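Both backbone and side-chain heavy atoms feed into the values below; hydrogens, waters and symmetry mates do not. Just so you know, ligand 1 is whichever comes first in the structure, and atom 1 is the first atom listed for that ligand. Everything numeric in this text was worked out from a predicted model, so none of it was measured.
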Amino acid sequence: MADQLIPQHIGIIMDGNGRWAKLRGLPRYAGHSVGAKTFRRIAEYCNRIGVRYLTVYAFSTENWKRPQKEVDTILELMMDYLRDAESYVKLNIKTHFIGDLSAFSEEMRQMMDHAEKLSENATGLIVNIAINYGGRRELAQAMQKIAAEVKSGALLPEEIDESTVAAHLYTAGQPDVDLLIRPSGEYRLSNFMLWQTAYAEYVFMNTLWPDFSEKMLDNAIREFQKRNRRFGGAE
Ligand code: FPP
């Protein structure tokens, strides 16, 4: 991949696992297993080419409505990731979980904590894994925290600006998303990173996530590089 203007922060909605499995006569959860492998490949590739942040949508606040077997499979894949946390540290990848983590078992939360601590000194790619994540919930929780600060007298209402909101999101301290990729032929944001994608370039692709390749990521980055980013300003 050409080194010119690699996006600092890439967001990916890992969509199409269910359809991928169905096309092969497999149960939906089989698509998630292959999707998790794709995630690993793409995270390693992002790390190699110098992307600083990768945020992946692994489980939304709405995904609990799926059949129990499917929810269990996704959570089990997450546990596999957590058990393998050391190997990501060896790759110099830092792990961060974003979402309403209070919904998960004590064991899982401890493992997430452990994975974050284990990798806190990694200097390569920072991977945000969004689980039980919803952009609206993230904003509502940020508003609660800000309101509590106002109530305590630590903050005046007129002091609240965009940086105050950004500093209370799960991604506090991180740059906005530059490039948002959604495979699988859907053209929606689905409640993903509502605040952080305000100026992102969106690239939609027809491939289903388990088939997503390094080459396709290169293509999305090339598309990003071709676009002229003006952030609302003039030429
Ligand atoms: C959307 O496809 C995908 C999900 C809801 C789950 C994605 C989770 C993984 C790839 C595993 C993540 C694991 C780690 C370690 C990050 P879909 O099921 O909605 O597909 P469909 O639209 O074809 O039905």
Side-chain angles (χ1 to χ4, degrees), residues 10-47 51 53-89 91 93-101 103-105 107-109 111-116 118-119 125-135 137 170-171 180-193 204-213 216-217:
I10 297 182
I12 303 184
I13 301 178
M14 304 186 291
D15 196 15
N17 296 342
R19 276 164 286 167
W20 183 94
K22 197 168 169 216
L23 278 169
R24 286 158 182 79
L26 298 168
R28 289 178 54 82
Y29 58 81
H32 298 312
S33 301
V34 182
K37 293 200 177 88
T38 306
F39 156 73
R40 187 182 175 114
R41 257 196 303 108
I42 295 301
E44 287 184 22
Y45 186 61
C46 284
N47 188 39
V51 174
Y53 298 86
L54 171 68
T55 302
V56 290
Y57 207 178
F59 194 82
S60 76
T61 47
E62 283 73 42
N63 284 154
W64 297 105
K65 293 183 210 139
R66 296 200 174 193
Q68 193 58 41
K69 170 83 185 150
E70 190 174 343
V71 171
D72 289 347
T73 302
I74 297 174
L75 297 184
E76 197 41 54
L77 289 166
M78 205 62 66
M79 292 298 268
D80 286 347
Y81 175 91
L82 292 168
R83 286 184 208 106
D84 196 27
E86 196 111 24
S87 78
Y88 287 86
V89 178
L91 293 167
I93 293 176
K94 188 168 176 162
T95 303
H96 182 52
F97 290 93
I98 63 170
D100 185 351
L101 307 183
F104 298 107
S105 68
E107 185 200 3
M108 194 164 162
R109 277 193 316 212
M111 285 176 79
M112 289 192 271
D113 218 40
H114 176 70
E116 289 190 345
L118 205 63
S119 67
L125 177 75
I126 295 161
V127 176
N128 294 318
I129 301 181
I131 52 170
N132 195 29
Y133 176 88
R137 186 169 303 177
Y170 304 135
T171 52
L180 187 279
I181 302 172
R182 181 165 194 161
S184 97
E186 307 287 353
Y187 300 88
R188 291 188 294 278
L189 196 49
S190 298
N191 204 15
F192 185 58
M193 309 285 274
F204 297 101
M205 295 178 153
N206 278 323
T207 318
L208 302 173
W209 175 249
D211 290 329
F212 194 85
S213 66
M216 290 171 197
L217 186 77

Quiz item: At a 4.0 Å cut-off, with the gap strictly under it, does some heavy atom of S184 reach an atom of ligand 1?
Solution: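 Contact check S184 vs ligand 1: negative.
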Quiz item: Hey, is R28 one of the residues with a heavy atom under 4.0 angstrom from ligand 1?
Solution: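 So R28 counts as touching ligand 1.
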Could you list the atoms of ligand 1 found under 4.0 angstrom from a heavy atom of [X]?
{"X": "N63", "value": "5 (C)"}
{"X": "R19", "value": "21 (P), 22 (O), 23 (O)"}
{"X": "R66", "value": "5 (C), 17 (P), 18 (O), 19 (O)"}

For [atom], grab the closest protein heavy atom and report residue, atom and distance to one decimal in Å.
{"atom": "atom 4 (C) of ligand 1", "result": "H32 CE1, 3.7 Å"}
{"atom": "atom 15 (C) of ligand 1", "result": "Y81 CB, 3.6 Å"}
{"atom": "atom 8 (C) of ligand 1", "result": "A58 O, 3.5 Å"}
{"atom": "atom 3 (C) of ligand 1", "result": "M14 O, 3.1 Å"}
{"atom": "atom 13 (C) of ligand 1", "result": "A36 CB, 4.0 Å"}
{"atom": "atom 10 (C) of ligand 1", "result": "N17 ND2, 3.4 Å"}
{"atom": "atom 16 (C) of ligand 1", "result": "F39 CD2, 3.7 Å"}

Quiz item: Tell me, do L23 and L208 make a side-chain contact under 4.5 Å, heavy atoms counted?
Solution: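 Yes, their side chains come closer than 4.5 Å.
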Practice problem: Would you indicate whether the side-chain heavy atoms of I181 and M205 approach each other to under 4.5 Å? | Solution: yes
Quiz item: How would you list, by chain and number, every residue that makes a salt bridge (Lys or Arg N to Asp or Glu O under 4.0 Å) with E62, sequence neighbours excluded?
Solution: none
Self-check item: Among F192, Y81, Y133, W64, the one residue meeting ring-ring contact (aromatic ring centres under 6.0 Å, His included) with F59
Solution: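 Testing F59 for a ring-ring contact (aromatic ring centres under 6.0 Å, His included) against F192, Y81, Y133, W64 leaves exactly one candidate, W64.
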